[in-house]
Amino acid sequence: MTDNLFTRILQANSDPDRVFLVSPGRAPLSYGDAFAASARYAHILARHDVKPGDRVAVQAEKSPEALVLYLACLRLGAIYLPLNTDYTPHELSYFAGDAEPAVFVCSPKSREKIAGFFPAERIVTLGDDGQSGTLVEEAREQPVQFDDAKLGMKDLAAILYTSGTTGRSKGAMLSHGNLFSNAQSLIHTWRYSASDVLLHALPIFHTHGLFVAGNCTMLSSARMIFLPKFNLDAMIAGLPEATVMMGVPTFYTRLLVDARLNKETTRNIRLFISGSAPLLAETHREWNARTGHAILERYGMTETNMNTSNPYDGARKPGSVGLALPGVEVRIADAEGKEVAQGEIGMIEVRGPNVFSGYWRMPDKSAAAFRPDGFFITGDLGTTDSEGYVSIVGRGNDMIISGGFNIYPKEIEGLIDALPGVGESAVVGLPHKDFGEGVTAFVVAKPGATVSEAGIVAALAGQLAKFKLPKRVIVLKELPRNTMGKVQKSLMRTEYKALYS
Ligand code: AMP
C-alpha cells in the first residue's frame, strides 16, 4: 500500500470544491482545481523524462502555480528542490552541479542565464505571476488525472539547501515521513483545522512558508490568503479575513509601526505564530498590548522541520521557543553529547521522525552532524527552564571567546535592547590581538531616537562583568538581514574584521 505525504493530502481533501487559495487579483483556487493542475504539471515533468527520485530544481516567484508544482513533484515521486529567488546564476550553477536535477524550472526572464550552465532542452519556465511560461502553457493540453508514483514515507520528498553561513551550502534530504509527521504534530499542537484561514506572506522556497504553512494547511483542508510577498497594505487588508498568521519577527515589527494594526483588524485571528529568527520579548509585549494576542513562538530549522513550540493553551513565554513538540526529543548537551544540568547552556540536540536523514552527497558532513544515539546537533545553543521551556542563546559559532571567557551574545543583546532609545542590536566577536576576540555591539536606534556609543557603554557598565562589556558600539541604520529576517552576523564580522587591528 502506498502511504506518503501526497496520499495523505488527497485523503484530507475529499471535497474538491473547497477553496484552497485566495490570491489578490485571481479567482479562488479550489482543492479540486489544484489537484487537477498538479496532475497536468506532473505530465509535463514526466514528458521531460523526470522519474521518481529525480530532482526538480525550481527558482520561481511565489504564485499558486509554483505551489501546485510542489504537489506535482510529490505525486510524481520527484524530489522537489526549491531555490531562493535571490540566488544569482553563479550560485544556481553550484546547486545544479551538486543536485544534478533532471529539470530546472525558472522564470522566462532567467531562462537564458540558466541555459549558460544547464541544458536548455531541460529548462521549463513559469512566469512570475504563475500565468505564463512553458509549464502552464503546455499543461493546458494535459489530462487532469495522473498515475501517482507508489511511494512510502521513507522516500525523499525534497532537498532544501541550508543558507550556509560558513562554507558550501548543504542539501538537507527530507522524506515524506519527515514532512508528514511534523505537519501532524503542528496541526495537533496549534489546533489547526478546516475552519482556519492562514494569512500567508512568507516565501515558499523555505521550510517555514512551504512546509509549516503549506503542509499544515493542505493536510487540514484549510484555506490560505496567498500573498506574493509581505506588503503592509495587503497584510492589513488580509488580517480581518484570517484566523492564523505565520510570520518571521520582521512581519510583526513592521506591522506594529502601522496605526491600522489594532484589536479590530485582528478580531478574527485565533493564533499569531512567529519563527525562523528570534522574536524580541519587547515585540511580544507590544503586540500583546496592541492586539490582545500573545504571539506563539516556535523553533525549527531546514534539517529538522519544527522542534519546539510554545503551547496553545499554557503560558507563551516571551523570549522562549517553548516545549518539545509531540514525538520530538530535545536535549541540551555538552561537547560530548551528554545532557547538561537544567538551566545550563549547551548545544540543542534533537531526535525524532521530523529529523532529516543527512546532507545530499556529503556523507562526512552528515555523519558529523549526528551523535551515535541518533540525536542531530543543531548548532544552536540553548537552555531550558524548570518547566522544560527552551530558550535559544545563539548559534554555536556566534559564541564569543574573549580573554579566554565564553560570552553569549544574547545576554548582552538583551540588555542593550532594553535601554531607552534602542530598537535592536547584534553582538559579535571581532579579531582582537590581546583578547582573541573583542565584544562588539551593533545598535539600531528606535525611529526618532538617538543613541551613542558612550551612553550605551556607560549604561551597560553597571550590569555586565567587565569582560563582557562591548569594546566598541557601532550605531547602524539597520542590521543586515536575509529574506527570512535572520540577522547576518557573518556579514558584520567580514565588514568590520579589521576594527581592532
Ligand atoms: P533555517 O534552516 O533557515 O530555517 O534556519 C534555522 C535556524 O534559524 C535555527 O537553527 C535557529 O538558529 C534559527 N531560528 C529558527 N527559529 C528561531 C526562533 N524562534 N528563535 C531564534 N532562532 C530561531
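All values derive from a computational prediction rather than experimental measurement. Residues take their numbers from the sequence shown, with the count starting at 1. Read the numbers this way: they start at 1 and go in the same order the structure lists the ligands and their atoms.
- Here the straight-line distance linking atom CE of Met484 with atom NE2 of His208 works out to 6.0 Å at 0.5 Å rounding.
- Between Arg270 and Asp196 there is a salt bridge, since at least one side-chain N of the basic residue sits less than 4.0 Å from a carboxylate O of the acidic one.
- When heavy-atom distances to ligand 1 are checked against a 4.0 Å cut-off, Ser276 comes that close only through its backbone atoms N, CA, C and O.
- Under the 4.0 Å criterion applied to side-chain N and carboxylate O atoms, Lys170 and Asp98 are not assigned as salt-bridge partners.
- Applying the 6.0 Å contact sphere to NZ of Lys446 captures more than 12 heavy atoms from other residues, nucleotides or ligands.
- Every atom of ligand 1 with a heavy atom of Val321 under 4.0 Å away is listed here by number and element: 18 (C), 19 (N), 20 (N).
- Nearest to atom 10 (O) of ligand 1 by heavy atom, out of Asp380, Asp398, Thr162, is Asp380.
- Per-residue contacts place Ile392 under 4.0 angstrom from the following atoms of ligand 1 (heavy atoms of the residue considered): 20 (N), 21 (C), 22 (N).
- With sequence neighbours excluded, no residue forms a ring-ring contact (aromatic ring centres under 6.0 Å, His included) with His284.
- Near Pro278, meaning under 4.0 Å from any of its heavy atoms, are these atoms of ligand 1: 20 (N), 21 (C), 22 (N).
- On a distance-only criterion, Arg298 and ligand 1 share at least one N/O pair closer than 3.5 Å.
- Remark: ligand 1 atoms within the under-4.0 Å shell around heavy atoms of Thr302 are 1 (P), 2 (O), 3 (O), 4 (O).
- At a 3.5 angstrom cut-off on N or O pairs, Thr378 does not count as close to ligand 1.
- A salt bridge does not link Glu303 with Lys365: every distance from a Lys NZ or Arg NE/NH1/NH2 to an Asp or Glu carboxylate oxygen is 4.0 Å or more.
- For ligand 1, the polar-atom distance check finds an N/O of Arg395 within less than 3.5 Å of one of the ligand's N/O atoms.
- At a 4.0 Å heavy-atom cut-off, ligand 1 does not touch Ser274 at all.
- Taking the centre of each ring, Phe356 and Phe370 come in below the 6.0 Å mark.
- Asp258 and Arg290 are not joined by a salt bridge, as no carboxylate oxygen comes within less than 4.0 angstrom of a charged side-chain nitrogen.
- When Glu297, Met301, Lys410, Lys486 are checked for heavy-atom proximity to atom 8 (O) of ligand 1, Lys486 turns out nearest.
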